[in-house]
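One is the number of the first residue; the rest follow in order along the sequence. What you see is a predicted model, and the numbers here were worked out from it, not measured in a lab.
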Amino acid sequence: MPAAPAAAPAVAAETAPIGIAVSRLAVTTEDRTGYDRDKFRHWNAGLNLTDGCNTRAEVLIAEAVEAPAIGPRCALTGGSWWSYYDEQTVTSAGTLDIDHMVPLAEAWDSGASAWTAARREAYANDQGQASSLVAVTARSNRSKSDQDPAEWLPPAESALCRYVSEWTATKLRWDLTVDENEQDRLFLVAAGCTGTTVTWETAP
């Protein structure tokens, strides 16, 4: 009887000081030609295909400071969340956005334009690394829009090191590039983040 095929080896997470992690990002010119948000399917059925919750709801449940009640069709009531971009406590799930740490348009510019539709869907719904999707106030998310750190940083000073760390982790996870202005800003912020590390795991 033939032996069962060996399971694929697990990908080990990597950790590096923030400046070293930023230096691992390849630098290239960005190109938004052909971008369409609809090329990134979201929100899909999430990790649990039987719970009636899509990716957005699953992220809200996972990131709640106080757990919401989960009703029929994954309706969320109650609960509370901490929006670290602007240091706001939020008590209504409907006023939160789920931010793609690296926006879809920025991902397209940085390498996702060459991906398959399935890989773009995996990116848009990535719950394999906690930093990829984050629940924040709609105001802060819409202020950020599709801008990279050279153009936008969280208004809360306390958020800067975490934000740049998570941005870098997401780009490393998905093998996305940076442009020169983006790299300069990442290094500038990282210089003030002594002791901060970046941890990432390469996306499947």
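Using a 4.5 Å heavy-atom cutoff, the side chains of Ser23 and Phe187 are in contact. By the 4.5 Å heavy-atom criterion applied to side chains, Asp148 and Asp179 are counted as neighbours. Proximity of Leu160 to Pro154: side-chain heavy atoms (C-beta onward) are separated by under 4.5 Å at one or more points. With a 4.5 Å cut-off on side-chain heavy atoms, Val189 and Pro149 do not count as touching. By the 4.5 Å heavy-atom criterion applied to side chains, Thr170 and Tyr123 are counted as neighbours. Residues Thr89 and Trp82 have side chains in contact (heavy-atom distance under 4.5 Å, counting atoms from C-beta outward). For the pair Cys193/Ser165, no side-chain contact is recorded, criterion being any heavy-atom separation below 4.5 Å from C-beta on.
Leu188 meets the side-chain contact (heavy atoms from CB on, under 4.5 Å) test with Arg185; sequence neighbours excluded. Applying the salt bridge (charged side-chain N to carboxylate O under 4.0 Å, His left out) test to Glu180 and every residue at least two apart in sequence or in another chain returns nothing.
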Please output the side-chain donor-acceptor pairs of residues 63-74 that fall under 3.5 Å, not counting sequence neighbours, one pair per line with the distance.
from: Glu63; atom 1: OE1; to: Ala135; atom 2: N; distance (Å): 2.7

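Of the possible donor and acceptor atoms, none in the side chain of Asp97 sits under 3.5 Å from a partner among the backbone N and O of Asp99. Side chain of Lys171 to main chain of Thr177: a donor-acceptor pair is present (N/O by atom type, distance under 3.5 Å, no hydrogens or angles).
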Salt bridge (Lys or Arg N to Asp or Glu O under 4.0 Å) for Arg32 and Asp146? Distances and angles first, verdict last. CA-CA 11 Å; Arg32 194 157 296 185; Asp146 59 8; 2.8 Å; yes
Test side chain to side chain contact (heavy atoms under 4.5 Å, CB included) on Asp36 and Trp108 and set out the steps. CA-CA 9 Å; Asp36 185 330; Trp108 179 271; over 6 Å; no
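Rounding to the nearest 0.5 Å gives a distance of 6.0 Å between CD of Glu58 and CG of Asn48. Between the CG atom of Asn141 and the NE2 atom of His100 there is a distance of 9.5 Å, given to the nearest 0.5 Å. Distance check: Glu87 CD to Glu157 CD gives 9.5 Å after rounding to the nearest 0.5 Å. A distance of 11.5 Å separates CD1 in Ile98 from CG in Asn125, rounded to the nearest 0.5 Å. Rounding to the nearest 0.5 Å gives a distance of 7.5 Å between CG of Leu96 and OG1 of Thr137.
Arg139 and Asp86 are not joined by a salt bridge, as no carboxylate oxygen comes within less than 4.0 angstrom of a charged side-chain nitrogen. Salt bridge Glu106/Lys144: absent, no basic N to carboxylate O contact under 4.0 Å.
His42 and Arg120 are not linked by any side-chain donor-acceptor pair at a separation below 3.5 angstrom, with hydrogens and angles left out of the test. Side-chain contact check for Ser145 and Trp152: no donor-acceptor pair (N or O, by modelled atom type) lies under 3.5 Å. Looking at Ser131 and Gln129, their side chains do bring a donor and an acceptor atom within 3.5 Å of each other.
Aromatic rings from Phe40 and Trp115 are positioned such that their centres are separated by 6.0 Å or more.
Between Ala112 and Leu176, the shortest heavy-atom distance links the atoms N-CD2, 4.0 Å.
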